[in-house]
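Residue numbering restarts at 1 for every chain, and letters A, B, ... go by the order of the sequence lines.
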Amino acid sequence: MLAPNREGWLCRCSCKLVFPVSCSLVKLLEETRQWWFINSKLQAVASRVAEEMGVKLGEEVGYTIRFEDVTNTDKTVVKFLTDGVLLREMMDDPLLSKYSVIMVDEAHERSISTDILLGLLRKIQRRRPDLRLIISSATIEAKSMASFFRSSKRHQEAGATDLGPSKEPAILSVEGRGFNVEIHYVEEPVPDYVQAAVSTVLLIHDQEPAGDILVFLTGQDDIDAAVRLLTEEVQSHGKKSHGLIVLPLFSGLPRADQDLVFSPTPRGKRKVVISTNIAETSLTMEISDIENLVVAPISKASARQRAGRAGRVRPGKCYRLYTEEYFVKQMSSEGIPEIQRSKLVSCVIQLKALGIDNILGFKWPASPSSEAMIRALEVLYSLGVLDDDAKLTSPVGFQVAEIPLDPMISKMILASDQLGCAEEILTIAAALSIQSIWVSGRGMQKELDEAKLRFAAAEGDHVTFLNVYKGFLQSGKSSDWCRRNFVNAHAMKKVIEIRAQLKRIAQRLGIVLKSCESDMTVLRKAVTAGFFANACRLEAYGHNGMYKTVRGSQEVYIHPSSVLFRVNPKWVVYHSLVSTDRQYMQNVITIEPSWLPEAAPHFYQQRQLGPSIH
DNA sequence: GAGCACTGC
């Protein structure tokens, strides 16, 4: 399977799973010194490979993820790790000199880290002719992947002739698995898609042979409505709905209810799962046959992904509640490939730390737009991470690159050292790094809001996090305390983990872990030092809580989940924006406008802040 | 008065 064909190292195999490929490779290359897999489900794969090789996990075969290093420096020859971990390792060892073979699995999934990694590996292979690269990718991507690495070879032949021949990487293309899925479209656009979904379910149930149904709707509201309509139909003992089991599925649903979806369908029954796009990727039902309703607008890629949920065990059908013309002409092919600015900012700083100075000339498998790149460089410049020559500043730039967080958070941590509030800021940094510390859930907003009020701080959400953290520690990290206070226990566990990691890094950087006790002003200043670019001012009277960003005059509002919602202090900075019908600021803290030119003299000149500074 | 879901250091 690995032998080079005449066209080079482009091989094809039609394996049912990626795993057997990896396993055969292990057998084939057992004699090599050390080599690498990069895969998201790597713990599971690592333990299977260890089992296959008859060795103990953590010895000859090991893995490394963010909070776990299950390897043994003396013994490990096969190591599984995430792309992020490998990028971190490259900061100490840019040529990855310890390793002889690197396999990048699922390269087509193409997270931005994988893209950087591929770009760096392409560079490394010019300096490391002995390094074997194996890239596994979906078939459609294999050719472009091969040419990405081939163009590097041409470059090498034209330029550096003294480096000796280097092998092109083996590109494994893994065929899509599964059975045929028959696609149906509606002939005319439907006026009410929830109603249309319900009718289609009943029609399928009436006319199609056994097999479960999976329906994608946009949100919890529509799911509730559809479940209600179908359940009413079932309860009225209508002939059309006899034997139908109706189950909702969304992330906020309690675990026990989610498990129902995965339980086997009783004989003679048909399960219908009404889901958000949680089921698009994470759901693989171990049941006979899944039929699939999709509601627009999503991307073509997403639509194919959804259709692929059917036909995994035997042929399936997919009913799209939009017209074929709409699919062909209106739907975008790839969704939103736009790289988030903050992500790109992190990447740029990592490349800089790896010594790649010419960022704009870096060869990516798919380049981000130069506008996005320039915006990222601007952010880093304003943070004082890059200097006028776009080089990492010392020490701030190098320190920010050391911290595995969004550079704005890293800058906030560094500022907290001078301001004497690192203890508090590390907690805030950890809390900002996870989705939410509160339990989500409908039908208990009132209790949740009341619970939040018990911790709410006048300064805003960041200080509120501190209050929750304090309470959690005082309770002895009790999960019962979490339940009573509508705090997500699992999220708090993560906060503790991340905080411990940040503490280790902070100590390595020589940051003094001092507490500011009750002085919230220094704490707010530290937040401002990182997030000054997100400063907003409340519009004067009668604008119903409308703020404008200081820099862009963009209209924004405080998100209803914030403790400052309806409080509307005059000046705030936010952590992130979420855009729905409006632009909402999430995690908001009050500031004094005079701190802005202090924190970022290049970014804010005094006069920009206008006459309302007092 | 908002709410699709991951992944990663």
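For A:V85, counting side-chain heavy atoms from C-beta on, the closest listed nucleotide (B:dG1, B:dC9, B:dA2) is B:dC9. Out of B:dA2, B:dG1, B:dC9, the shortest distance to the side chain of A:F565 is found at B:dG1. The side chain of A:H559 approaches B:dA2 more closely than any other nucleotide in the set B:dG1, B:dC9, B:dA2. In the set B:dC6, B:dC9, B:dA2, the nucleotide with an atom closest to the side chain of A:Y584 is B:dA2.
Here A:I65 lies in heavy-atom contact (under 4.0 Å) with sugar-phosphate atoms only. Counting non-hydrogen atoms under 4.0 angstrom, A:N544 reaches nothing in the nucleic acid.
Taking A:I434 as the reference, A:I437, A:A491, A:K494, A:V495, A:I498 meet the side-chain contact (heavy atoms from CB on, under 4.5 Å) condition, with sequence neighbours excluded.
Mapping A:K494 and A:D449 onto DNA chain B by nearest heavy atom places A:D449 at the nucleotide closer to the 5' end.
For A:T82, a side-chain nitrogen or oxygen approaches OP1 or OP2 of B:dC9 to under 4.0 Å.
Taking 4.0 Å as the cut-off between side-chain N and carboxylate O, A:E450 and A:K446 count as a salt-bridged pair. Using a 4.0 Å cut-off between charged nitrogen and carboxylate oxygen, A:E423 and A:R499 count as a salt-bridge pair.
Atom pair A:D69:CG and B:dC9:P shows a separation of 12 Å (rounding to whole Å applied). Counting to the nearest Å, the P atom of B:dG1 and the CG atom of A:L448 are 18 Å from each other. Protein atom CG of A:L405 is 15 Å distant from nucleotide atom C1' of B:dT7, rounded to whole Å. If you measure from atom CZ of A:F80 to atom P of B:dG8, you get 16 Å, rounded to the nearest angstrom. Atom OH in A:Y557 sits about 12 Å away from atom P in B:dG1, given to the nearest Å. With rounding to whole Å, A:M585 atom CE is found 14 Å from B:dA2 atom C1'. The interatomic distance linking A:M90 (CE) with B:dC9 (P) rounds to 16 Å, in whole Å. We find that CD of A:E68 is positioned 11 Å from P of B:dG8, with the value rounded to whole Å.
Donor-acceptor pairing under 3.5 Å, judged by distance alone, is absent between the side chain of A:D406 and the base of B:dG8.
Using a 4.5 Å cut-off on side-chain heavy atoms (C-beta onward), A:D83 and A:I116 make no contact.
Side-chain contact annotation: A:Y574 with A:Q583, donor-acceptor N/O pair under 3.5 Å absent.
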